[in-house]
Each structure stands twice: as structure tokens, then as C-alpha cells.
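Reviewing the structure listed below.
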Amino acid sequence: MTIDPVVFMNTLVKRFDFTEEDKVILKSNADWGREIAAEMADHFYAYLGRDEEMNTILNATEGRIHRLHKTFVQWFHEMFTGIDDWSAGYSQCRWQIGIVHVKVGIQPQHIVPAMATVVNEVGKKLKVEGKSEELKDALGKICMIDLAFIEQSYIEVSTSAVLKETGWSSALFKRLVISGAASM
């Protein structure tokens with residue numbers, strides 16, 4: 001039942017109205033994105049590090065936080081470059097990021113507010129440096145697209161695991177989830 005990352009990306013592009021103009025704006029500010037990426041990583045990991053559960057995950061192995069910081073810097077800069085114009089390579093990369101979050105046990109309850117922290121800090125930086133509202137909007141859209149990939153990975157992994165273990169059909173599983181939600 002795994003999604004096709006390219007199809008999912010195309011759906012998100014439409015839903016968020018991530019336009020060609022947004023892409024041009026991001027690409028034209030890629031150097032700026034690279035300049036502030038480490039600072040945004042600092043904000044991101046400082047936020048997550050204040051949570052006991054996340055701090056344990058972040059520091060579970062020697063050097064993990066340093067490696068994660070480098071990975072964040074790359075991820076952040078890629079939002080500006082799009083890797084391959086926000087196409088198959090970008091989509092697959094973002095899907096893999098989501099899968100890694102699931103594998104190491106980082107729950108959406110941590111990712112969503114951490115991403116909000118980044119968006120907030122970027123917003124402050126944009127304002128201080130006199131950057132355009134268009135850049136803020138474009139960056140907000142791609143951040144939310146990336147967040148949607150991470151969120152969807154939890155759904156896909158969970159659904160796939162249940163279907164594999166139980167032998168249920170997707171339709172049955174969906175019906176049970178809807179029924180369960182209705183009873184809450």
C-alpha cells in the first residue's frame with residue numbers, strides 16, 4: 001500500500017499551490033538558505049533537546065546529534081534548490097526522510113512543533129533581513145510539503161504493518177479506522 005512519492009508530491013504541490021514562481025523565488029535565495037541553515041538547525045535541535053524523550057533519541061549514539069545537524073543543514077538547503085526541481089529525486093528523498101523518522105521512533109507530536117519552530121525562526125530572520133513576503137510564503141509551502149511527507153510516512157508504515165500482520169484488505173482496515181474514530 002506504499003504511496004508513490006512522486007504522485008504524492010504532485011498532489012501536495014496542487015494542495016499547497018506550490019507554484020513555478022515559488023520555485024524561482026526559492027532557487028534565487030538558495031545561497032541565503034545555505035547561509036542560515038546551520039542557525040536554523042541550532043534552533044531545531046535546541047527545541048527538540050529540551051524534551052526528555054527527544055533528547056534521549058538525539059543522543060542515543062556517539063556523534064548522532066552532530067550528524068543530524070549536518071543532515072538538517074542539507075535538508076534545509078534542499079528546500080531552496082529542489083534537488084531536481086522538486087521532482088522525483090526530491091520526492092524520494094523526502095519520503096526516505098519520513099521513513100527514517102519512523103524507524104528511529106520520532107513521533108509526529110515532536111516533528112510538528114519542531115517544524116513550527118523552524119518556520120517561526122525563519123520568519124524572524126526574513127523580517128530582520130528585509131526578505132520578501134513571497135519568499136516567506138514559498139518557504140512556508142515547501143516546509144509544509146516536507147512535513148506532510150513525514151506525517152504520511154507514519155500512516156503508510158502503520159497501515160502496511162497492520163495489513164501484513166492481519167491479512168486484512170485496505171478497505172476493511174479503513175472501515176475499522178473510521179468506525180473506531182466514530183466511537184471516540
Side-chain angles (χ1 to χ4, degrees), residues 2-3 5 8-9 12-13 15-16 18 22 25-26 29-83 86 89-129 131 133 135-162:
T2 301
I3 66 164
F8 188 60
M9 180 70 177
L12 294 173
V13 163
R15 288 181 180 161
F16 284 100
F18 184 62
D22 292 323
I25 290 166
L26 288 170
N29 286 278
D31 289 342
W32 180 78
R34 184 187 338 251
E35 289 170 19
I36 70 162
E39 180 184 345
M40 295 304 113
D42 291 342
H43 289 296
F44 184 78
Y45 289 112
Y47 170 81
L48 289 173
R50 291 191 300 264
D51 182 273
E52 186 178 330
E53 181 182 353
M54 278 307 306
N55 192 51
T56 300
I57 292 170
L58 294 173
N59 293 289
T61 59
E62 182 74 30
R64 177 183 263 181
I65 193 72
H66 177 72
R67 289 187 306 276
L68 289 171
H69 195 279
K70 286 174 63 174
T71 301
F72 180 98
V73 168
Q74 179 181 346
W75 163 79
F76 189 84
H77 185 245
E78 287 172 354
M79 286 193 298
F80 288 85
T81 66
I83 301 174
W86 295 273
Y90 189 89
S91 304
Q92 189 60 43
C93 177
R94 279 10 193 196
W95 180 246
Q96 287 307 309
I97 289 171
I99 297 299
V100 167
H101 282 81
V102 175
K103 285 180 180 177
V104 298
I106 301 172
Q107 298 293 316
Q109 64 181 308
H110 298 293
I111 297 302
V112 173
M115 182 70 88
T117 297
V118 171
V119 170
N120 185 46
E121 293 299 329
V122 168
K124 290 178 189 176
K125 195 83 171 165
L126 287 162
K127 189 173 183 176
V128 166
E129 296 192 15
K131 297 290 186 180
E133 276 297 311
L135 176 57
K136 180 180 179 182
D137 292 344
L139 194 51
K141 289 176 187 179
I142 197 61
C143 280
M144 293 304 103
I145 287 170
D146 279 19
L147 181 60
F149 266 96
I150 294 170
E151 295 266 311
Q152 191 65 34
S153 67
Y154 286 94
I155 294 166
E156 295 296 321
V157 168
S158 299
T159 301
S160 179
V162 168

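Scope of the values below: all heavy atoms of this structure, side chains included, with no hydrogens, waters or symmetry mates. Predicted model only: the values in this text are computed from it and were never measured.
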### Message
Applying side-chain contact (heavy atoms from CB on, under 4.5 Å) to Thr117 and Tyr45, what does each step give before you reach the verdict?
### Response
CA-CA 10 Å; Thr117 297; Tyr45 289 112; over 6 Å; no
### Query
Taking everything shown except Lys131 itself, do over 12 heavy atoms lie less than 6.0 Å from its NZ?
yes
### Task
Could you tell me whether the side chain of His101 reaches within less than 4.5 Å of the side chain of Ser153, counting heavy atoms only?
no
### Query
Could you give the distance from CD1 (Ile65) to CG (Leu58), rounded to the nearest 0.5 Å?
4.5 Å
#### Entry: Close side-chain approach of Asn55 to Leu48, heavy-atom, < 4.5 Å
no
### Message
Ignoring hydrogens, what is the shortest heavy-atom contact between Ala30 and Thr81? Give both atom names and the distance.
### Response
CB-CG2, 4.0 Å
### Message
Show, in sequence, the C-alpha distance, side-chain angles and deciding distance for Gln74 and His77, and conclude whether the side-chain contact (heavy atoms from CB on, under 4.5 Å) test is met.
### Response
CA-CA 5 Å; Gln74 179 181 346; His77 185 245; over 6 Å; no
### Message
So which atom in Phe76 and which in Val118 form the shortest heavy-atom distance, rounded to 0.1 Å?
### Response
CE1-CG1, 4.1 Å
### Message
Contact between His69 and Phe44 at the side-chain level, heavy atoms closer than 4.5 Å - yes or no?
### Response
no
### Task
Over all heavy atoms of both residues, which pair between Glu62 and Arg67 is shortest? Give the atoms and the distance, please.
O-NH1, 3.1 Å
### Task
Mind jotting down which residue pairs meet the side chain to side chain donor-acceptor pair (under 3.5 Å) criterion with at least one end in residues 143-152? Sequence neighbours excluded, please.
Trp75-Asp146, Tyr90-Asp146, Arg94-Asp146, Gln152-Glu156
### Message
How close do Cys143 and Met115 get, counting heavy atoms only, and between which atoms?
### Response
O-CE, 3.5 Å
#### Entry: Intermediate values then yes/no, side-chain contact (heavy atoms from CB on, under 4.5 Å), Trp95 and Ile3
CA-CA 9 Å; Trp95 180 246; Ile3 66 164; 3.4 Å; yes
### Set of salt bridge (charged side-chain N to carboxylate O under 4.0 Å, His left out) partners for Lys103, sequence neighbours left out
none
### Message
Closer than 3.5 angstrom, by distance alone: can the side chain of Arg15 be matched with the main-chain N or O of Ile145 as a donor-acceptor pair?
### Response
no
### Task
Over 60° means perpendicular and under 30° means parallel, so classify the ring planes of Phe18 and Trp86, tilted if in between.
perpendicular
### Query
Is His43 close to Asn120 at the side-chain level, that is, under 4.5 Å between some pair of heavy atoms?
no
#### Entry: Residue pair Asp22, Ile142: steps toward the side-chain contact (heavy atoms from CB on, under 4.5 Å) verdict
CA-CA 9 Å; Asp22 292 323; Ile142 197 61; over 6 Å; no
### Message
So, taking the atom named CD in Glu129 and the one named NZ in Lys124, what distance separates them when rounded to the nearest 0.5 Å?
### Response
14.0 Å
## Note on the structure
Looking only at heavy atoms, the pair that brings Pro5 and Ser91 closest together is O-CB, 3.4 Å
### Closest non-hydrogen atom pair between Pro113 and Pro108, with its separation
CD-O, 4.1 Å
### Message
As an exercise, state the distance from CZ of Arg64 to CD1 of Ile57, rounded to the nearest 0.5 Å.
### Response
8.0 Å
### Task
Can you tell me which residue pairs pass the salt bridge (Lys or Arg N to Asp or Glu O under 4.0 Å) test with a partner in residues 35-55, sequence neighbours excluded?
Glu39-Lys125
### Task
Check whether any side-chain heavy atom of Met79 lies under 4.5 Å from a side-chain heavy atom of Leu139, and answer yes or no.
yes
### Query
When rounded to the nearest 0.5 angstrom, what is the spacing between OG1 in Thr71 and CD in Glu78?
10.0 Å
### Query
What's the spacing between Ile150 CD1 and Ile111 CD1 if we round to 0.5 Å?
5.5 Å
